[in-house]
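What follows is a set of notes on a single structure, which appears directly below.
It should be emphasised that the depicted structure is a prediction, and the values quoted were computed from it without experimental measurement.
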Amino acid sequence: MPRRHIHVTGAAEAPLRAALRALRTGLAVPEGFPPDVLAEAEAAAKNPRLPADDATDLPFLTIDPPTSTDLDQAVHLARRADGGYRVHYAIADVAAFVAPGGAIDAEAHRRVLTLYFPDGKVPLHPPVLSEGAASLLPGEPRPALLWRVDLDAEGRRVATDLRRALVRSRAKLDYATVQRQIDSGTAEEPLALLRDIGRLREEREVERGGISLGVPEQEIVEVPGGHGYTLAYRAPLPAEGWNAQISLLTGMAAADLMTAAGTGILRTLPVAPDGAVARLRRSAQALGVDWPHHVPYAEVVRNADPTDPRQAAFLQECTTLLRGAGYTVFTDGKLPDPAVHAAVADEYTHCTAPLRRLVDRYASELCVAAVAGHEPPEWVRAALPHLPDEMAAGARRAGTVERESVDVVEAALLSGRVGELFDAYVIDVKEREPSVGTVHLDDPAVVARVQGGTAPLPLGQWMRVRLSEADPGRAKVLFAPA
């Protein structure tokens, strides 16, 4: 999970956009796709492998940010006669377009993940596929991997099925529209059930000891009166959490299919070490977040208010406990140890975002084979041993993009304020260098390094700091004690 999301709107200043372009160049991010990849993608878009089953009668809908066009998932929710629920979840069938060993496949293995910059993205697959022929756009028939997951009245999974089918989304909705329709009571039942099922799955998450982080986005917003720009937090809507529960449900169902079959790739995360939890407690204290010693981490996170700037900063710090997440392959029924994702508190895999994440295509193929009672395709088995290292390298690259992007944005917005004083809270102090640490500003929403004094920093306390450096060219912000 990313440590910090940040989004640049159209109102961002030109120097900031120039700095982000320079960052892309400095990180050697690919600007486009090679000609052979584009040619293969154009041909595949016109002639995909179509499934025999037709499920276009199901009125699917997609729920994504308003500007998204790479639509991996479409959902249809219904009640069952026994009081439970049926979840149909259609996932873009990338394998219908990508030939194993072909040019698109090789390029995807080089890229691994879609990279997200504050002002745009660098896609995993050519846009003619990821934003066109393979995307579950409304009104268009698309090949998909169609999950059917049945739940009982309390939201517990009782049956799972998966098949390839042709689907057609009826509507492309964004989170704000979904939230508004559900809150106002104007949502029709397939959409209205998102709240019911989402809340039940959240209850089951609490029951098993899992935790979902509602990490706020940082957004650049214009200061009233036209006096420049600042950073602020945007809290996620409840509908975003309900929608995420459908994806988590599918990922856990997929993990169960693979473990039963004896071959698969799991997303695993060990339990956070005591030292990491202790550090997070110090950050909570610094930000004024109440965390009694007898209260577990998961409960504190669930009760955190992402609309409060200090608690929003705490939620961002909570993502440090997710370090160590990776992918683990198993074969011949020998499950890894650990096999569980500590935050999910269950066996889990990634399979719902194949347009944007390489591993999902392979996990989906393993699940299709498991349901059919077949051995996985040879191209999948051959790739499995290498996928964890490929995904780890891709994650490191994405993490670098994210960290450097945040630094660039913060430096650009503060570049004209060097020498000014700010109110801040010390949220971390280096153990071996207690005069060096991290501060969180109340306004703007900046988290940055502080150093330059001789006295130990007052962990958990308010202090005045002076901006000593903010250079977008170096992508750094630095404060000193005032």
Side-chain angles (χ1 to χ4, degrees), residues 1-2 4-11 59-77 85 87-92 114 116-121 130-131 135-139 155 169-203 205 211-221 231-251 301-302 304-309 311-312 315-316 319 350 352-353 355-357 402 445:
M1 179 178 292
R4 272 192 277 177
H5 303 270
I6 193 163
H7 177 63
V8 173
T9 66
F60 283 99
L61 54 86
T62 60
I63 307 173
D64 292 275
T67 59
S68 294
T69 51
D70 49 349
L71 309 183
D72 288 287
Q73 313 110 10
V75 65
H76 178 264
L77 308 172
Y85 304 89
V87 176
H88 276 112
Y89 206 39
I91 306 300
T114 292
Y116 291 94
F117 287 82
D119 60 343
K121 64 178 183 285
S130 61
E131 300 179 33
S135 178
L136 304 183
L137 298 167
S169 171
R170 298 298 197 273
K172 177 182 181 293
L173 303 181
D174 60 78
Y175 293 113
T177 298
V178 168
Q179 192 69 55
R180 185 168 57 252
Q181 290 184 11
I182 290 177
D183 289 348
S184 66
T186 59
E188 297 181 0
E189 179 156 286
L191 179 59
L193 288 177
L194 181 67
R195 175 174 57 187
D196 300 342
I197 295 173
R199 286 177 173 175
L200 287 172
R201 292 303 301 173
E202 287 171 344
E203 291 173 7
E205 182 175 71
I211 181 64
S212 294
L213 287 176
V215 182
E217 280 190 345
Q218 283 178 294
E219 290 187 320
I220 296 176
V221 295
L231 279 172
Y233 291 115
R234 184 196 72 82
L237 296 169
E240 295 176 60
W242 303 332
N243 195 47
Q245 287 295 332
I246 304 298
S247 183
L248 282 169
L249 169 69
T250 308
V301 172
R302 275 192 289 269
D305 179 5
T307 64
D308 181 296
Q311 295 190 52
L315 286 169
Q316 291 174 346
T319 61
H350 280 155
T352 62
L355 293 175
R356 294 168 283 166
R357 194 168 47 207
E402 182 182 273

Between R201 and L248, is the side chain to side chain contact (heavy atoms under 4.5 Å, CB included) condition met? List the steps.
CA-CA 9 Å; R201 292 303 301 173; L248 282 169; over 6 Å; no

Check: T352/T250 side-chain N/O donor and acceptor closer than 3.5 Å
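No pair is found: no donor N or O on one side chain lies under 3.5 Å from an acceptor on the other.
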
Taking atom types as modelled and ignoring hydrogens, do the side chains of Q73 and S247 form a donor-acceptor contact shorter than 3.5 angstrom?
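Side chains of Q73 and S247: no pair found under 3.5 Å.
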
Would you please classify the geometry between the H88 ring and the H76 ring as parallel, tilted or perpendicular, with 30° and 60° separating the classes?
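H76 vs H88 ring planes: tilted.
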
Within the distance-only criterion (no hydrogens, no angle test), does the side chain of [X] pair as donor or acceptor with the backbone N or O of [Y] below 3.5 angstrom?
X	Y	answer
E240	L237	yes
K172	P66	yes
T307	A235	no
R302	I211	no
E131	T69	no

Could you go through L136 and F60, starting from their C-alpha distance and side-chain angles, then the distance that decides it, and tell me whether this counts as side chain to side chain contact (heavy atoms under 4.5 Å, CB included)?
CA-CA 10 Å; L136 304 183; F60 283 99; over 6 Å; no

L191 vs L173 side-chain heavy atoms within contact, under 4.5 Å
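Yes, at least one pair of side-chain atoms sits under 4.5 Å.
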
Non-hydrogen atoms of [X] and [Y] that approach each other most closely:
X	Y	result
S212	Q245	OG-NE2, 3.6 Å
P306	A304	CD-O, 3.3 Å
A312	P216	CB-CG, 3.5 Å
A239	Q179	N-OE1, 2.7 Å
L194	V178	CD2-CG1, 4.0 Å
L71	T62	CD1-OG1, 3.8 Å

Look up atom [atom1] in [X] and atom [atom2] in [Y], then write down how far apart they are to the nearest 0.5 Å.
X	Y	atom1	atom2	answer
D64	D70	CG	CG	7.5 Å
S68	I63	OG	CD1	12.5 Å
E203	L200	CD	CG	5.5 Å
W242	L77	CH2	CG	12.5 Å

Under the criterion side chain to side chain contact (heavy atoms under 4.5 Å, CB included), I'd like the reasoning laid out for L249 against Y89: C-alpha separation, chi angles, the key distance, then a yes or no.
CA-CA 10 Å; L249 169 69; Y89 206 39; over 6 Å; no

Step-by-step salt bridge (Lys or Arg N to Asp or Glu O under 4.0 Å) determination, E188 to R170
CA-CA 13 Å; E188 297 181 0; R170 298 298 197 273; over 6 Å; no

